[in-house]
Amino acid sequence: MLQFEHRYATLPEPLWVESQATPVVNPELIAFNAPLAYELGAKEIPDAATLAQWFSGNQPMPGAKPGALGYAGHQFGNFVPQLGDGRALLLGEVVDHSGMRRDVQLKGSGRTPFSRGGDGRSPLGPVLREYLVSEFMAAMGIPTTRALAAVATGERVVRQLPEPGAVFTRVASSHIRVGTFQFAAVRRDEAALKALADHVIARHYPEAANGEDPYLALLNAVVARQAVLIARWMSVGFIHGVMNTDNCSIAGETIDYGPCAFMEQFDPQKVFSSIDQGSRYAFANQPAIAQWNLARFAETLLPLMREEGDAVVEQATAAIRHFDTLLSTEQRRLHADKLGLAPESEQAVPLMEGLESQMHQGRMDMTATFDALTHYAASLSDEQPSDEHRNALLALTTQPNELTAWLDSWQAVQVASQNSQRFAAMRNANPVIIPRNHRVQEVIDAAYDGDFAPFHALLAVVTQPFDESEDARRLAAPATDSEQVLRTFCGT
Ligand code: AMP
Ligand code: MG
């Protein structure tokens with residue numbers, strides 16, 4: 001079905017180590033992303049039984065050459081010199097319709113040489129969560145790995161309690177992480193490090209090869225992609241939850257969805273992950289953490305860079321500092337879109353800061369606030385604007401007087417109500433629906449009882465996040481107090 005190539009497998013061991021899937025008892029297809037398969041070059045899609053065999057790892061896909069990737073990583077700030085794919089297998093790369101090389105990887109397919117104490121398996125819950133959240137991110141235009149398939153294994157995996165098992169198939173621009181570079185660097189394997197860096201330049205940043213110092217150009221390019229990525233996360237309230245260096249993609253995609261979640265009531269210090277005890281990866285810390293991760297990346301590149309001594313350290317430091325500027329530039333653009341302002345508006349940042357403070361103080365739901373603001377902007381273009389949409393927005397806050405003052409200052413500068421292009425940008429920056437934690441939990445609970453219909457229903461609406469359908473409206477509603485999910489779990 002897919003035309004596999006195997007460039008990464010030519011890199012020196014143990015960056016890539018051959019490894020085979022361990023068959024499962026009774027693979028059953030839960031979901032398959034046919035549009036993505038076609039994008040990857042599939043001409044026809046086989047029946048569900050064949051897909052279940054392939055995407056559980058029970059039968060090798062024609063042309064695949066499974067292997068596990070080595071990497072290291074800082075986990076919550078502590079360096080671990082060897083992590084690696086303990087439960088994942090790279091099947092190979094395919095060149096997609098647009099000419100881009102992309103990885104296809106099974107996750108939960110059994111033990112590998114990097115499994116340490118783990119069983120190499122995935123429970124069903126995290127598989128469904130990653131499917132929903134990564135496909136939502138893709139629909140929002142936020143760089144992300146994609147979901148190609150989910151297969152139930154018919155086996156149990158034991159975590160705190162026994163849970164149904166599943167295998168997830170992920171498509172990524174690559175699975176190369178900051179931790180991959182740290183792995184080669186800590187082994188003092190300069191040949192492997194250089195081979196890796198050259199592979200990354202050829203694959204993701206070919207323009208860097210023409211730079212005066214290709215490895216410095218590589219660093220700058222990775223910094224730029226991460227800055228855009230983090231700005232986009234922040235614009236939808238996404239909290240990754242485990243921004244370890246091994247979960248930081250060199251291609252600048254969101255990768256390794258674990259205990260991730262979207263913020264509901266706006267709170268910069270928000271944390272969901274049960275394992276993030278020191279709140280290291282709280283919402284507002286994400287830019288600083290990405291920058292910290294990039295500094296670890298820069299350290300690995302120093303031996304390859306042209307300058308030496310203090311000069312090379314200064315160059316790398318300047319590259320990392322530049323992250324702030326790149327992040328602010330992208331954030332300013334996103335703020336203008338979300339607020340329906342002209343792209344060059346000087347008011348984007350102060351107005352957004354004002355609204356964030358309103359959302360925080362007034363306990364407002366972030367997604368509902370921007371959705372209501374979008375409807376209010378639309379209503380302002382009517383000849384006789386009604387109070388309905390203004391009141392709907394004011395109903396979201398516990399401090400309507402303060403929000404009224406903010407709304408007046410916003411209304412004085414917003415242009416979306418008179419400009420259809422600006423309004424379209426505003427609509428596309430403010431989803432009607434996000435995969436809310438209580439909804440994700442609800443579909444996982446139903447799936448554990450054997451009912452996948454709620455999963456498919458939620459997937460259908462979060463992958464059309466600007467659609468105003470009745471289903472979307474129902475599933476978009478914020479959690480009531482009793483529905484709130486306060487903690488999310490890695491579940492690995
Ligand atoms: P993650 O939390 O998915 O980012 O994984 C962190 C590290 O733990 C990676 O090296 C994984 O391969 C490894 N790991 C996570 N779960 C398992 C498992 N069930 N079996 C083996 N290794 C695992
Ligand atoms: Mg990981």
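Just so you know, ligand 1 is whichever comes first in the structure, and atom 1 is the first atom listed for that ligand.
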Residues, nucleotides or ligands: over 12 heavy atoms within 6.0 Å of Gln484 CD:
yes

Taking the basic N atoms (NZ, or NE/NH1/NH2) and the acidic carboxylate oxygens, is any pair closer than 4.0 Å for Asp256 and Arg170?
yes

Using a strict cut-off of less than 4.0 Å between a Lys/Arg side-chain nitrogen and an Asp/Glu carboxylate oxygen, indicate whether Glu253 and Arg225 qualify as a salt bridge.
no

Which of the numbered atoms in ligand 1 are below 4.0 angstrom from a heavy atom of [X]?
| X | answer |
| --- | --- |
| Arg116 | 7 (C), 8 (O), 10 (O), 13 (C) |
| Asp256 | 4 (O) |
| Gly84 | 9 (C), 10 (O), 11 (C), 12 (O) |
| Asp85 | 12 (O) |
| Ser115 | 21 (C), 22 (N) |
| Gly118 | 20 (N), 21 (C) |

Can the ring centroids of His74 and Trp292 be said to lie less than 6.0 angstrom from one another?
yes

Can we call the ring centroids of Phe76 and Tyr281 under 6.0 Å apart?
yes

Nearest option to atom 21 (C) of ligand 1, as decided by whichever heavy atom of Ser122, Ala88, Gly86 sits closest
Gly86

Compare Leu83, Leu69, Asp119 and give the one whose heavy atom is closest to atom 19 (N) of ligand 1.
Asp119

Using a 3.5 Å distance criterion without hydrogens, assess whether the side chain of [X] forms a donor-acceptor pair with backbone atoms of [Y].
| X | Y | value |
| --- | --- | --- |
| Arg111 | Asp119 | no |
| Asp85 | Leu89 | no |
| Asp276 | Val271 | no |
| Asp449 | Asp451 | no |

Asn247 to ligand 1: N or O pair under 3.5 Å?
yes

Could you tell me whether Gly120 and ligand 1 have an N or O pair separated by under 3.5 Å?
yes

Side chain, backbone, both or neither: which part of [X] comes within less than 4.0 Å of ligand 1 when only heavy atoms are counted?
| X | result |
| --- | --- |
| Arg121 | backbone |
| Arg159 | side chain |
| Tyr71 | side chain |

Could you tell me if Lys270 sits above the aromatic ring of Phe283, with its cationic atom closer than 6.0 Å to the ring centre and no more than 45 degrees from the axis?
no

Taking 2.8 Å as the upper limit, name the protein N, O or S atoms near the Mg ion (ligand 2).
Asn247 OD1, Asp256 OD2

Derivation of the ring-ring contact (aromatic ring centres under 6.0 Å, His included) call for Tyr71 and Phe181:
CA-CA 7 Å; Tyr71 52 84; Phe181 280 81; over 10 Å; no

Say you draw a straight line from CZ of Phe55 to OG1 of Thr169; how long is it, rounded to the nearest 0.5 Å?
5.5 Å

